[in-house]
Participant: 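I have a structure here, written as structure tokens, and I will follow up with some questions on it.
Per chain, numbering begins at 1; letters A, B, ... match sequence-line order.
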2 protein chains.
Amino acid sequence: MDIKNKILCVAERVFDQEGFNATGMGRLIRETGLSSRTVYKHVGSKNALMALVLKERQQRFFKSMDFSTLETLFDALHAWSAKDGMRGCLYFRVGAETSGNIPEIHTAVEAYHIQLVKALTDLIHREAGQPDELMTEQLLVLLEGAVTASTYRGATAIEAARLSARRLLQPEAEL
Amino acid sequence: MDIKNKILCVAERVFDQEGFNATGMGRLIRETGLSSRTVYKHVGSKNALMALVLKERQQRFFKSMDFSTLETLFDALHAWSAKDGMRGCLYFRVGAETSGNIPEIHTAVEAYHIQLVKALTDLIHREAGQPDELMTEQLLVLLEGAVTASTYRGATAIEAARLSARRLLQPEAEL
DNA sequence: ACAGGTGTAAAACGATCGTTTTACACTGCG
DNA sequence: CGCAGTGTAAAACGATCGTTTTACACCTGT
């Protein structure tokens with residue numbers, strides 16, 4: 001079980017840093033220090049490995065994010081980005097690189113999106129006192145924007161998103 | 001000159017639909033109907049072709065976007081997304097796929113970002129009556145978020161971003 | 001008519017891809 | 001002891017990658 005985890009760990013790091021298609025299995029084999037035979041015995045194939053990485057990361061991500069309130073959410077996002085580096089959403093990236101052609105990967109990306117939308121829906125429900133689809137969508141846009149923009153604007157983008165998100169909960173002042 | 005444009009046109013479409021690394025030169029050669037020799041004579045190399053696509057697209061993008069006001073901007077973004085399809089920002093994607101390792105591509109991505117930030121800075125200056133870095137950053141986040149989120153939420157994400165952007169210009173109502 | 005440029009068709013280049021195979025060593029368990 | 005399982009090391013698989021080359025056909029202008 002430790003071997004599989006080592007493969008997943010190295011693969012996630014290299015996939016994230018270099019891109020999925022740009023990363024050959026040879027690189028992962030070299031960097032894990034394992035033989036190709038062992039790697040393939042444990043993860044099956046590159047596509048399966050990619051899907052495994054996405055699934056494992058999803059669990060870790062949602063364990064790390066604190067969806068209690070808007071503030072805790074942006075705190076957690078800030079911390080995650082600082083530790084993980086800011087290279088944009090891995091799920092969007094793998095989706096773009098594979099364009100939905102690999103079923104196991106497409107499924108993993110979809111699962112992540114579903115859980116994300118659900119977490120935000122619940123958060124908004126809690127903070128606004130009632131469900132609000134528009135507000136949820138706006139928060140989703142702010143999160144995706146913060147993650148994407150932070151790749152070239154830095155953590156500033158996350159704080160800008162946080163400020164915008166605060167406004168979401170304030171009632172509209174009509175003229 | 002027409003040949004080069006045909007190559008650029010096909011390349012942009014396939015790169016966008018399938019991803020950069022997932023697209024081989026063979027596919028582009030087949031789909032342009034040209035010989036490999038002609039293709040390489042006109043564009044030099046795959047990396048050079050990618051950079052050319054990005055540069056040409058940048059001109060077309062900023063010609064198509066109307067940065068006059070927030071509303072015209074989101075109208076234009078909506079129209080662009082409807083016509084082009086919603087697969088996320090090509091500049092972010094190429095940056096992630098190449099991780100900044102190819103100078104000509106990294107330069108093209110940077111140039112796009114610079115022009116984008118400048119356009120938004122000017123727009124905010126105009127609409128708010130004075131420069132506002134925070135507001136610019138917030139609008140940038142909304143745009144990036146709209147483009148990214150629309151890949152799996154559809155045009156709804158763009159309209160949600162539009163509504164958030166409107167609020168940016170409204171003065172804060174303090175308690 | 002001939003030279004130069006521009007195109008095609010197709011083979012070939014070495015490199016690298018994902019994956020499988022062969023051969024061998026070590027371990028723990030019956 | 002012996003056998004099954006799990007690991008390494010390294011070669012080999014066919015496919016495909018980006019790119020170059022060879023050979024040939026077609027214009028165009030002096």
Participant: Figure out the CE/C1' separation between M50(A) and dG18(C), and round it to whole Å.
Facilitator: 13 Å

Participant: Please round to the nearest 0.5 Å and tell me the distance separating atom CG of L28(B) and atom CZ of R13(B).
Facilitator: 9.0 Å

Participant: Hydrophobic cluster membership, with links at side-chain heavy-atom distances under 4.5 Å among I/L/V/M/F/W/Y: are M25(B) and V94(B) in one?
Facilitator: yes

Participant: Nearest whole Å is fine: how far is dG18(D) C1' from R30(B) CZ?
Facilitator: 14 Å

Participant: Could you tell me the separation between the CE atom of M25(B) and the C1' atom of dC17(D), rounded to a whole number of Å?
Facilitator: 11 Å

Participant: DNA chain D: G44(B) or A22(B), which has the more 5' nearest nucleotide?
Facilitator: A22(B)

Participant: What's the CD1-C1' distance between I102(A) and dG18(C), to the nearest Å?
Facilitator: 12 Å

Participant: May I have the distance from I29(B) (atom CD1) to dG18(D) (atom P), rounded to whole angstrom?
Facilitator: 9 Å

Participant: Quick one: R27(B) CZ to dG18(D) C1', roughly how many Å, whole number?
Facilitator: 17 Å

Participant: Does the R27(A) side chain pair with the main chain of V14(A), one donor and one acceptor, at a distance under 3.5 Å?
Facilitator: no

Participant: Go through the side-chain N and O atoms of E144(A) and Y152(B) and say whether any donor and acceptor fall under 3.5 Å apart.
Facilitator: yes

Participant: Figure out the CZ/P separation between F20(A) and dC17(C), and round it to whole Å.
Facilitator: 17 Å

Participant: When the distance from CG of N21(A) to P of dC17(D) is rounded to whole Å, what number comes out?
Facilitator: 11 Å

Participant: How does protein contact run along nucleotides 5-11 of chain D, one letter per nucleotide 5' to 3', with B for base contact, S for sugar-phosphate only, - for none, heavy atoms under 4.0 Å?
Facilitator: --BBBB-

Participant: Do E18(A) and T23(A) have a side chain donor and acceptor closer than 3.5 Å?
Facilitator: no

Participant: Looking at L90(A), is its backbone amide N or carbonyl O close enough to the side chain of Y112(A) to form a donor-acceptor pair, meaning the two atoms are under 3.5 Å apart?
Facilitator: no

